[in-house]
Amino acid sequence: MNEDRCIKCGSCTRACPVLNDPLGPGFPGPRGAGVDAPRFPERDSIGQIALMCTMCHACEWACPSGISLTLSMLRLRSGLNEADRLPGHRRMMDNIASCGRTVSTEFKGWREEGNRTLYFPGCIGLGRLTHLTEAASSLLTALGVSHDISSAAVCCGSPLLKIGATGVAEDLRRRNMEVFSRYDRVITSCPGCTNQLREVYGIRAEHMVEVLKGSDPRSKLDGRWALQVPCHLKRGLSPWAADDMASVLVAAGVDVVRVPGEDCCCGGGGGMLAGFPETSSSIARNKVQMYRSTGVDGIITACPFCSLNLGRQGIRVLDIGEALAPKR
Amino acid sequence: MRKDVLIIGGGATGAGIARDLALRGVDCLLLDMGDFCHGASGGNHGLLHSGGRYVVKDPGSAAECAVENTVLKRIAPFCIEDTGGLFVSLPEDDPLFADRFKDACRSTGVPTEEIGAEEATSSEPGLNPLAVRCFRVPDGSVDPFSLVQANICDAREAGALALNHCAVTGMTVEDGRIVRVDVQDRRGRLSSPIVPEVVVNASGAWVADVAGLAACTARAGLDQGSMLVTYGRQCRHVINRLREPSNGDIAVPSHTSTVLGTTSRPARSPDDSAVTREDVDFLLRETSALLPSLRGCRIVRAYGGVRPLLGGNGREASRSFSITRGDAVDNLVSVAGGKLTTYRLMAEKVSDTVCDMLGNSSGCRTHLEALGPPADVEGGSIALARLRRKYGRMASSISTSDTRVICSCEQVLRSEVTAVLKTGDALTLADVMRRTRAGMGYCQGLDCTLSVLELMMQGAKMDPLLALREFLREREHGISQASGDQLRQGLLREHVLNGVYGMGEME
Amino acid sequence: MSRVLVIGNGAAGLFSSWLLARKGQEVVLVGRGTPSTSMSTGCIRTRPEGCEREMAEFLVNEHMPWAVGARAGLSKIGTPFRCWMAPSHSTWKYGEAPGSVTVVSIEGHPAIHVRIASSLLIAQGIRAEHLSLPIAVPPEVPLTAAFRSEGSWELLAKALRTTSSDAVLLPAMVPLREYGRLDALERQCGRKVLEAVTPLGPPGLRLTELMHARAAGAGVTIWDGRRVTALDIKGDTVRGATVSGGSEVKEVATDAAVIATGGPLVDGLNIKGRELDDPFGVFQVARSTDALRGGYASREGMMVRVDGRRMANAVAAGDCVYSERRDHGSGLAGALDSARMAVMALEGA
Ligand SMILES: Cc1cc2nc3c(=O)[nH]c(=O)nc-3n(C[C@H](O)[C@H](O)[C@H](O)COP(=O)(O)OP(=O)(O)OC[C@H]3O[C@@H](n4cnc5c(N)ncnc54)[C@H](O)[C@@H]3O)c2cc1C
Ligand SMILES: Cc1cc2nc3c(=O)[nH]c(=O)nc-3n(C[C@H](O)[C@H](O)[C@H](O)COP(=O)(O)OP(=O)(O)OC[C@H]3O[C@@H](n4cnc5c(N)ncnc54)[C@H](O)[C@@H]3O)c2cc1C
Ligand code: SF4
Ligand code: SF4
């Protein structure tokens, strides 16, 4: 706990995408929720405020005092009263109970061939955006990485930690570890999953960007493309991996336009997409407007949540796996 | 202006007397030269004593505290946190003292229960695991600001007039009676001198100065004590060192902090409350023997208070109180000493004396009537949950539809400040702070002061720079001995206030 | 010298890396957190002595023109503010103060304090008017957010046309890329548009963003959000550093180092008790009990090890360097000056 280092400079509040959104849910800001709220003995009554955050880590990067603001908010979330749980978050938990994933599974192309590598697409890639998973899988194959996609693997648990359901997350970890024990290598497309596997499971999972970095892929993509640098890739996993995302695409021949603010949050993380859909899409709408003003043909990202949330705003969004897949 | 009783001093004692007399139907006027709580009542440790601290050396005070502790918990629960207290001895402490303590508690009526070190550390996780003996006592944490405000509010409702920023500057004595009292009202509400039947001198550390105005003497030594405010709560209970009362013995959880104290040194004047660097280091060292987590803890502020002492020096002096009639003057009653915890008892005794003099035979009711029932404030935010605790009955005058926060350190609502300003009592930024806590948090007013001042200027003409300087300078005293992160906080203040706003330059 | 590692993403780090990159050096700049540069008013208070020309060139950009010379402006509480170089809308030429000013506010929002400001303007002999915009913005929400839409700017322009003052004082709310909005507003309302001088707000962020873009444009590799946690030092030479970011840690080799990590406010220097301390545990700190002026000691421009040895390839710049002259709220000029000196010392070495 290092919240006691706060000097009230307000840098975190100026960086926060939720606070800076005109349709904010009444969030008191990273300092309000992460530093101020925990000091009050009456904090039981704060209800849902710690949930109004996308976990983008922008505040943590901005803080000159090095305060772990998101950890502090996660701590508050884990003490949430069951009665304060948001409807969207209840739905996620119901889905977990019925299919082991936060959204119902649509994916059909399971590959259980006894390969030593497991491709772990994550809940969005198996539910809402199955084309993303198919593209990534064919890209891996083209790169010579033979892999399984296991129907036994369940949600990594990251979204559940974000909504304060710690116990459920632990249960999922146990189920996944059994699956993972059959593989030498785990590759993911979702930086949230990558982080969770590394930090909570303690296995050295690789994000797609990291796989691509060493394998010199080629792209046949036309047009000018901006980047949506995912929060959980840049500020969660590794800022170097985020730098690599751009260089891999450029080296592959994509016409990449770097725009200021490309690494700002899409609004989709931290349980916001399900919990506060209006704020979530408002953040995405403003971000897409910014991209449009630069005249690009579309956006390339490396996180299924970004693909989903920005894609709903009517702009072309490709996952890096799709952008570099052999045929689309 | 004619008044039955003039009470000089709006600390806990004076406010308590005003309430007591007003409830007995006496027409009284309460004056304070500063704000209410400007003296020791605003500069103390906030410990609602169980009496435990005094059982061995000062059994009289201990017994008084024990009784008043239960009375206050009954009549003013809103401003008291019934945290319970622990008396804890460490290996280096005199092992015999614990037994003396136990016996003395029994004979003075202070309820105690000895518990094992294991139970103690499980109910107070931060406690030094080397603790030898531990006793539970009914100590609590009291917010002196809301306690005094509630007394004043009650007194006013019962007909008393209470004015702050109104100093008594002179008295005319004729035939052994005070016939006229001159006042200087900073706000011009009182234009004529006061003609009282009885004058009560409840001016705390100033007791001799005020008695002097009527050419009377009041004997009281002056003693300064220092306290530290920590960032965040560092303990659940009031933690006392189980040894002969000495310096750095006590940690009191209060609002968002724990207050560490106290020290004791002779004071040159009632205003001589400054805290030295040695005090700060000493208090941290001593209290962290009880609560090791305090080592390296961020200290948000250091402050001091001056108490009048009766007989003896420093820790030797009794914490009881005395009531004296002026030697050469018939209608002057001076009260001095005592504790915040026993303010009501003192007020009762003084009021008995005064009523005797006035021929009023009604009895005291302050122990029977609640200091206002808690208002009904329910809501989702921390700020709303805190309203009742800070304002008691007055909470109902605060609009809760506007949930904008003005001071985030202490989660003060903008509407709290507006409501306080509406009462007309708050003249300065510090007055607003004492009532709302805006500016008491860890940034010490960096974030909220300007917004509060802006609100104040909506209703009143004032010189903003003067107001800011007065307030911020006082806050700066509190962090001038800072270390660690509070030093960084101080640096940011300097950059913003002096560097950018030029507060230092525009004298 | 082939590769220089610059540690610190404030004015000193960004300027020195720009200077080095311009001379063809390979530069990697590592920085974490918000620098004091972003917390400042974005106005350079005193005239820099040794680098005026380079600095002016460094700050050239397409979005935000600068005004140079003896300048004066108003803080967000209406106190007078003097400086040497400021964005074009922050100040006027010293001695040419407007006779009347309309202070624009949003009720209850702390971006500007209108009653305090008006009262202090009057005290300076400036006639003050007050215009409160009929929009609600919660106090913790930055105004920049509320003023992103065209609609709010139109509303503002319309409201301003009804006032009669020589100038308007606006809360600081434009980011770098929207600075042009202030010019547009000035044209629309026909009077001087002044931005209140504001610490801890958009002006400082603008300055850092601008410097960042200039350094990147000159070819500096910027490792943002990463922190140098240790230096690899052999004798009097820095040979590399440990850099951590996200959940990764990397070792980098370097031929020289510029340390521009800022003061204790931003953890450039640690505070132990009441004393300043070198977080790398290697270098001498001078006047360690003065949080404002204390900092790294230097000898003939190079840093000094705790054991007194003069480093051969490490220099320090900005707030982390001991400076007798640094004062509250000044320091940008000093940071830039010392960055230039540091670069010169490195070149000499
Ligand atoms: C360091 C310290 C720690 C303490 N800790 C505790 C504790 O933890 N628990 C506890 O129970 N007690 C504690 N006390 C004791 C307690 O604070 C005091 O007993 C109590 O506050 C005294 O209140 P009072 O009203 O008598 O005096 P004060 O609060 O000092 O009030 C006197 C008032 O008289 C006013 N006045 C003076 N002269 C004039 C004049 N000429 N005209 C008008 N007004 C005038 C002053 O402005 C002042 O407001 C502590 C005291 C100190 C000093
Ligand atoms: C509120 C405020 C207002 C001010 N107003 C003005 C003004 O109006 N005019 C003026 O001239 N000056 C002003 N100043 C002073 C001025 O901002 C500073 O003097 C100047 O910005 C210092 O620049 P710097 O580059 O030395 O340090 P900084 O800008 O503080 O940059 C240092 C950076 O290095 C980073 N860092 C530290 N350690 C490491 C590490 N190990 N690895 C990676 N990165 C690290 C820090 O996090 C920080 O981001 C103001 C300062 C403050 C606080
Ligand atoms: S993690 Fe992102 S959304 Fe959450 S408080 Fe921090 S800046 Fe705001
Ligand atoms: S950025 Fe860090 S130090 Fe500044 S207000 Fe936010 S939490 Fe506090």
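Convention: sequence-line order gives letters A, B, ...; per-chain numbering from 1. Quantities reported herein were computed from a predicted structural model and do not represent experimental measurements.
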Interface moiety of [X] toward chain C, non-hydrogen atoms closer than 4.5 Å:
| X | value |
| --- | --- |
| Arg31(A) | neither |
| Ile7(A) | side chain |
| Cys9(A) | both |

For the residue pair Gly66(A) and Arg32(C), what are the closest heavy atoms and their distance? N-NH2, 3.4 Å
Closest non-hydrogen atom pair, Gly246(C) against Pro239(A): N-CD, 3.6 Å
Would you find a donor on one side and an acceptor on the other, under 3.5 Å apart, between the side chain of [X] and the backbone of [Y]?
| X | Y | result |
| --- | --- | --- |
| Arg148(C) | Asp21(A) | no |
| Arg14(A) | Leu200(C) | yes |
| Thr34(C) | Ala62(A) | yes |
| Arg177(C) | Pro260(A) | no |

Structural part of Val137(C) lying under 4.5 Å from a heavy atom of chain A: neither
Given heavy-atom pairs under 4.5 angstrom as the criterion, report whether the side chain, backbone, both or neither of Ser38(C) touches chain A.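 For Ser38(C), no heavy atom lies under 4.5 Å from chain A.
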So does Arg235(A) pair up with Asp224(C), basic N to acidic O under 4.0 Å? no
Those residues that, when tested against Asp263(A), pass side chain to side chain donor-acceptor pair (under 3.5 Å) (two or more places apart): Lys234(A)
Nearest-0.5 Å distance, CZ of residue Arg226(C) to OG of residue Ser238(A): 7.0 Å
Supply the atom-to-atom distance Leu237(A) CG to Ser247(C) OG, rounded to the nearest 0.5 angstrom.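 So the CG of Leu237(A) and the OG of Ser247(C) are separated by 5.0 Å.
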For each of Ser149(C), Ala145(C), Ser36(C), tally heavy-atom pairs with chain A at distances under 4.5 Å, and name the one with the top tally.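 Top option by heavy-atom pairs under 4.5 Å: Ala145(C).
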Could you tell me if the side chain of Val141(C) sits less than 4.5 Å from the side chain of Phe27(A), heavy atoms only? no
Using a 4.5 Å cut-off on heavy atoms from C-beta on, say whether the side chain of Trp240(A) contacts that of Glu248(C).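 The answer is yes, as the side chains (C-beta and beyond) meet within the 4.5 Å cut-off.
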Interface residues of residues 261-272 of chain C facing chain A - non-hydrogen atoms under 4.5 Å apart: Leu265(C), Val266(C), Asp267(C)
Using only non-hydrogen atoms and a strict under-4.5 angstrom cutoff, which residues of residues 185-194 of chain A touch chain C?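 Answer by number: none.
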Please identify, among Ala241(A), Ala242(A), Pro64(A), Pro28(A), the residue contributing the most non-hydrogen atom pairs under 4.5 Å to chain C.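 Of the candidates given, the most pairs with chain C belong to Pro64(A).
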Looking at Arg5(A), Gln289(A), Arg198(A), which makes the most heavy-atom pairs under 4.5 Å with chain C? Arg5(A)
Heavy-atom neighbours of Glu278(A) CD exceed 12 at 6.0 Å: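 Not more than 12 within 6.0 Å, no.
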Using the test side chain to side chain contact (heavy atoms under 4.5 Å, CB included), find all partners of Ala169(A) that sit at least two apart in sequence or belong to another chain.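 Applying side chain to side chain contact (heavy atoms under 4.5 Å, CB included) to Ala169(A) gives Leu160(A), Leu161(A).
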